Amino acid sequence: MHVIRLRDPWDYSATDSAGQPRDGRAPLADGVTEVAPPGLIGTVRWRRSFHRPTGLDDGERVFLAIDNLRDATVELNGVALPSERCEITTRLHARNELVITQTCPSASSTRCFSDVRLEIVERNE
């Protein structure tokens, strides 16, 4: 298996505790995305673009895997994905956009997900 981690940068759009829209860019801190800056509430949309892995052959499959996904939905290129780990081989484009939408009930709810990665495996694995 070959792994490609989707780390920085992650863009976000949200609303702060004063009701003002906030857009920005946040890093993965030790593999865990945290709401940044603090004080975001409501719906937070995390976005990350990536290219289709090169050199894929007919015998390989690509999975998207997201660890510790909580209170969130996942979309790839505008299509909802069914779980934290699913095959996306046929859904990949030359350029892709991953969107993770989280509901933060309070400004103290900061953790959303960790270690987002593409897993490339042989068809028989």
Side-chain angles (χ1 to χ4, degrees):
M1 175 171 47
H2 177 71
V3 174
I4 301 171
R5 287 189 162 63
L6 300 179
R7 298 227 170 155
D8 300 341
W10 282 86
D11 294 319
Y12 67 86
S13 57
T15 304
D16 66 18
S17 55
Q20 299 298 310
R22 302 280 292 269
D23 293 325
R25 189 166 272 190
L28 284 176
D30 297 325
V32 178
T33 299
E34 298 190 44
V35 175
L40 299 180
I41 60 170
T43 301
V44 180
R45 292 175 46 97
W46 297 94
R47 292 178 310 282
R48 171 72 162 73
S49 296
F50 64 95
H51 292 93
R52 177 185 175 90
T54 58
L56 293 176
D57 63 39
D58 291 339
E60 294 176 310
R61 298 180 299 162
V62 180
F63 289 82
L64 174 69
I66 306 170
D67 292 340
N68 303 312
L69 186 67
R70 286 180 270 187
D71 300 320
T73 60
V74 179
E75 293 180 9
L76 177 64
N77 301 321
V79 177
L81 297 179
S83 67
E84 300 92 37
R85 185 178 190 274
C86 64
E87 184 177 356
I88 60 169
T89 310
T90 60
R91 299 177 187 194
L92 289 171
H93 301 261
R95 183 160 172 83
N96 302 277
E97 181 178 63
L98 179 63
V99 176
I100 300 174
T101 304
Q102 176 193 27
T103 301
C104 294
S106 69
S108 63
S109 296
T110 59
R111 303 265 186 219
C112 180
F113 53 90
S114 65
D115 198 33
V116 180
R117 64 194 176 279
L118 302 178
E119 298 174 348
I120 302 169
V121 298
E122 293 294 324
R123 263 214 203 265
N124 57 4
E125 285 184 40

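Since the structure is predicted, the reported quantities are computational estimates derived from the model, not experimental observations. Quick note: residue numbers are just sequence positions, from 1.
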Reported [atom1]-to-[atom2] distance for the pair [X] and [Y], which is rounded to 0.5 angstrom:
X	Y	atom1	atom2	result
Leu98	Ile66	CG	CD1	5.5 Å
Phe50	Leu118	CZ	CG	5.0 Å
Arg48	Glu97	CZ	CD	11.0 Å
Arg117	Asp67	CZ	CG	4.0 Å
Leu69	Asp115	CG	CG	12.5 Å
Ile100	Glu75	CD1	CD	10.5 Å

Given 3.5 Å as the limit, does a donor-acceptor pair link the side chain of [X] with the main chain of [Y], or not?
X	Y	result
Arg7	Arg5	no
Asn96	Leu76	no
Asp11	Arg25	no
Ser13	Asp23	no

Which atom of [X] lies closest to which atom of [Y], heavy atoms considered:
X	Y	answer
Arg52	His93	CB-O, 3.1 Å
Glu87	Phe63	N-CD2, 3.4 Å
Asn77	Arg95	OD1-O, 4.1 Å

- Query: With a 4.5 Å limit on heavy-atom distance, are the side chains of His2 and Glu60 in contact?
  - Reply: no

- Query: Going by heavy atoms in the side chains, are Arg91 and Leu81 under 4.5 Å from each other?
  - Reply: yes

- CA sep, side-chain torsions, deciding dist, call: Leu64, Val116, side-chain contact (heavy atoms from CB on, under 4.5 Å): CA-CA 7 Å; Leu64 174 69; Val116 180; 4.0 Å; yes

- Message: Do Val99 and Trp10 land in one hydrophobic cluster if side-chain heavy atoms of ILVMFWY residues count as linked below 4.5 Å?
- Response: no

